[in-house]
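In what follows, chains carry the letters A, B, and so on, assigned in the order in which the sequence lines appear, proteins first and then strands, with residues in each chain numbered from 1.
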Amino acid sequence: MATESGRPSNFIRDIIDNDLKAGKNQGRVHTRFPPEPNGYLHIGHAKSICLNFGLARDYGGKCNLRFDDTNPIKEELEYVESIKEDVRWLGWDWEDREFYASDYYTQLYEYAMRLVFMGVAYVCDLTADEIREYRGTLTTPGKDSPYRNRTTLENIDLFRRMRAGEFPDGAKTLRAKIDMASGNINMRDPILYRITRATHHRTGDKWCIYPMYDWAHGQSDSLEGITHSICTLEFEDHRPLYDWFIDQLGIHHPQQIEFARLNLNYTVMSKRLLLELVKENYVSGWDDPRLPTICGLRRRGFTPESIRLFADKIGVAKADSTVDIALLEACLREHLNLIAPRVMAVLRPLKVVIDNYPDGQVEELEAINNPENPDAGTRKIPFSKVIYIEQDDFREEPHKKFFRLAPGKEVRLKHAYYITCQKVVKNDKTGEVIELHCSYDPESRGGGTADNRKVEGTLHWVSAQHAVDAEVRLFDRLFIAEDPSKTEPGKDYKANLNPASLEVLSGCKVEPSLKDAPVGGKYQFLRQGYFCVDLDSKNGKVVFNRAVGLKDTWAKIEKRR
RNA sequence: UGGGGUGUCGACAAGUGGUAAGUCAGCAGCCUUUGGAGCUGCCAUUCCCAGGUUCGAAUCCUGGCACCCCAGCCA
């Protein structure tokens, strides 16, 4: 995990280094993570969170959590709670600096009034359609609103009355008077306030005018003394507007720096699409383990460390990019490999009777908990005459590279004995293999023999009479297409949903130590992958989610054939 | 046709005029009581293209090309 504390070079750190060298901001570094509470956080937000909080950590600065709650129609308390939980879970601490744009509504109103007094903001009576019309297009300039030259006195009066609730929703707006001919559309007299009678999750019905994001954001940063205001690329051409506001007001000037948002293949990251998948029940909820939401990843079995590691590894730059989801998975494996206890679990059981093993005998065999960490110690696992192995670990007619069990072949049972397959029992009708009869070598107890003979394969197993039943959920990517938005004409991203993204296995057999495994507990099922106890586990029923599989060389060999 | 950005390996991404880091993926091998992990080696004579400057260019200059974002009273 060395890279997590390492300091990868990136253009933002270069800027900060230079600022520090130049003595800007009295050497302060103060960032913020500014989510809108209108949805759950996803892995893309995690990139931004780790960037902002990570910068504060590395430069001995601070990072605020600020909710940009300027649109009461879309925002809810449920979302602010989930956001706080997720940021905390990721391992970051905003201490007492939990802020809301709505904390600044009064100040923002006063700032706006200042602009009105200065003659650079006016009340406009144009309808939404008219405003769009007057705005012009990308290639043609807009034209001035007929209300643009109202007197300052009239604007003061009108703006006060907007706030006082004298006009119906949408009847008027407050606009900055900048330049309707600007090539930058954001500068064509942007709207500062709109009239909307909606109950705000924090301010209730106190306000009937709400600031636009563009008006609130820069001033909020300024009020908080933010030095480096880091945001995504699409706000690059808003920067001149934010600068204009700050300069007009003559207040602290944060420096905005834009970076490329995270894209991941085989998934979607937009809040709108995630909301649709949740609302229309394509997934089980915001925390569906197939979703790239933070809570989905958490339920899936991801650790905060693995996500932070991922954020470090993908870096920060300005070029649009799409990161391979395999990198995210690799980060999870890297962390879980170090910390996850190894256990044995048979997902698709095949019964094996060891004919020469004494009836009724049970041995407690010692098993190492984690070869990567000797401190994890050992545990005892029961062995007996009838065990289960994985169906995939037996082949009647094996390929020469198949190192597992086959008629007449000897394999090692992990931590136990060598067994040799003597007889195959099949279902008369279907021909399906339903049971194996094997012999064991009593000299091989613990997994080795005095003659040092080689066995090609080592299998995991579970003693039948001691096994605990479990349900296991296997997840595959939610979409079959690298870029789900690329579809045939007339179809949308949902056409790319993977119909096999969830496979539920019941009747799985896991070793007895897992009987009371805690929700959220993470394990490596030997030779299979990393699994996490799902919150659906209750009254003795254990449910595991496969967070990620182990690298499977055999699967690759088999696929090539 | 306006404005703002970006182009370095299959995917991310360092590089800031001195001769292309690292990670993931892939490939080959070693090792292995997990076909896991670990270890070793290979994987960009070339940086969107074309000119130019220079002893020397991914880095500087000129001209192209491609891609992304912007016309919500969303953020």
Peer 1: Looking only at N and O atoms, is any donor in the side chain of A/Asp552 or the base of B/rG35 less than 3.5 Å from an acceptor on the other one?
Peer 2: no
Peer 1: Can you tell me if A/Thr70 touches the phosphate of B/rA75, counting only side-chain N or O atoms and a distance under 4.0 Å to OP1 or OP2?
Peer 2: yes
Peer 1: Quick one, A/Lys318 and A/Glu236 - any side-chain contact, counting heavy atoms below 4.5 Å?
Peer 2: yes
Peer 1: Check whether any side-chain N or O of A/Ser321 sits under 4.0 Å from OP1 or OP2 of B/rA13, and answer yes or no.
Peer 2: yes
Peer 1: Mind telling me whether A/Tyr417 and A/Phe383 have parallel, tilted or perpendicular rings, with 30° and 60° as the class edges?
Peer 2: tilted
Peer 1: Taking OP1 and OP2 of B/rG36, is either one under 4.0 Å from a side-chain nitrogen or oxygen of A/Thr553?
Peer 2: yes
Peer 1: Is A/Lys414 near enough to B/rG36 that one of its side-chain N or O atoms lies under 4.0 angstrom from OP1 or OP2?
Peer 2: no
Peer 1: Looking at A/Glu372 and B/rG36, is any side-chain donor or acceptor paired with a base atom of the opposite kind under 3.5 Å?
Peer 2: yes
Peer 1: Does A/Glu334 reach the side chain of A/Leu309, with side-chain heavy atoms less than 4.5 Å apart?
Peer 2: yes
Peer 1: Could you go step by step and tell me if A/Leu514 and A/Phe525 meet the side chain to side chain contact (heavy atoms under 4.5 Å, CB included) rule?
Peer 2: CA-CA 11 Å; A/Leu514 256 18; A/Phe525 286 5; 4.2 Å; yes
Peer 1: Quick check on B/rG35: is either OP1 or OP2 less than 4.0 Å from any side-chain nitrogen or oxygen of A/Arg404?
Peer 2: no
Peer 1: Ignoring hydrogens and angles, tell me if any N or O in the side chain of A/Glu130 forms a donor-acceptor pair with the backbone of A/Thr127 under 3.5 Å.
Peer 2: yes
Peer 1: Should B/rC65 form a Watson-Crick or G-U wobble pair with both distances under 3.5 Å, which nucleotide is its partner?
Peer 2: B/rG7
Peer 1: Look at A/Arg194 and B/rC74 and indicate whether a side-chain polar atom (N or O) is within less than 4.0 Å of OP1 or OP2.
Peer 2: yes
Peer 1: Can you check whether A/Lys551 has a side-chain N or O nearer than 4.0 Å to OP1 or OP2 of B/rA37?
Peer 2: yes
Peer 1: Report the glycosidic orientation of B/rG72: syn if within 90° of 0, anti in every other case.
Peer 2: syn
Peer 1: Quick one: the side chain of A/Arg333 and the base of B/rG36, do they pair up donor-acceptor inside 3.5 Å?
Peer 2: no
Peer 1: Which nucleotide, in any strand shown, forms a Watson-Crick or G-U wobble pair with B/rA58, with both distances under 3.5 Å?
Peer 2: none
Peer 1: Tell me, please, which residues at least two apart from A/Arg197 pass side-chain contact (heavy atoms from CB on, under 4.5 Å).
Peer 2: A/Asp169, A/Ile195, A/Cys208
Peer 1: Just to be sure I understand the rule, does A/Thr137 reach a base, reach only the sugar-phosphate, or reach nothing, if contact means heavy atoms closer than 4.0 Å?
Peer 2: base
Peer 1: Any N or O donor-acceptor pair linking the side chain of A/Gln524 to the base of B/rU34 at under 3.5 Å?
Peer 2: yes
Peer 1: If you measure only the distance, is there a donor-acceptor pair under 3.5 Å linking the side chains of A/Asn184 and A/Ser182?
Peer 2: no
Peer 1: Between residues 164-177 of chain A and RNA chain B, which residues have a heavy-atom gap below 4.0 Å?
Peer 2: A/Gly170, A/Thr173
Peer 1: Output the rounded distance in Å from CD1 (A/Ile185) to C1' (B/rG72).
Peer 2: 12 Å
